[in-house]
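Inspection log for the structure reproduced underneath, given as structure tokens.
Positions are given from 1 along the sequence. Heavy atoms only: backbone and side chains are in, while hydrogens, waters and symmetry mates are out.
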Amino acid sequence: MWFEIIPGAAIITVALSVPIYAMYGLQKLTMGNAYRRNMDERFSRVMYQRDFRLTNNPYIMNGLNAIPDEVKK
């Protein structure tokens, strides 16, 4: 009958969703933050490097206050 497909569909659904939820834990374990930044475009990579250079944490929102003032001589 039609209900015989339910166990197979449930197994496939669980098997395909495990890597998605496992990445949350792996990112938290390895990087200390559970979220990734998108690195598809060059501008995003440059902003990641800038944020890392300014605050040593690319996941903190940075504005003009994160850039140190220059000392006038």
Test item: Ile20 and Tyr24 side chains (from C-beta on) under 4.5 Å apart, heavy atoms: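 When only atoms from C-beta onward are counted, Tyr24 and Ile20 do not touch, as no gap falls below 4.5 Å.
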
Taking every non-hydrogen atom, the tightest pair across Trp2 and Ile6: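 Reported closest heavy-atom pair: CZ3-CD1, 3.9 Å.
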
The single option from Ile11, Ile12, Leu16, Val18 passing side chain to side chain contact (heavy atoms under 4.5 Å, CB included) against Val14: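 Of the listed residues Ile11, Ile12, Leu16, Val18, the side chain to side chain contact (heavy atoms under 4.5 Å, CB included) partner of Val14 is Val18.
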
Side-chain (Thr55) to main-chain (Phe52) donor-acceptor, under 3.5 angstrom: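 Not at all, since once roles are kept as given, no pair shorter than 3.5 Å links the two residues.
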
Spatial distance of atom CE (Met47) from atom CZ (Arg50) [nearest 0.5 Å]: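 Rounded to the nearest 0.5 Å, the CE-CZ separation comes out at 5.0 Å.
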
Spatial distance of atom CZ (Phe43) from atom CD (Glu41) [nearest 0.5 Å]: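 Here the rounded value is 9.5 Å.
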
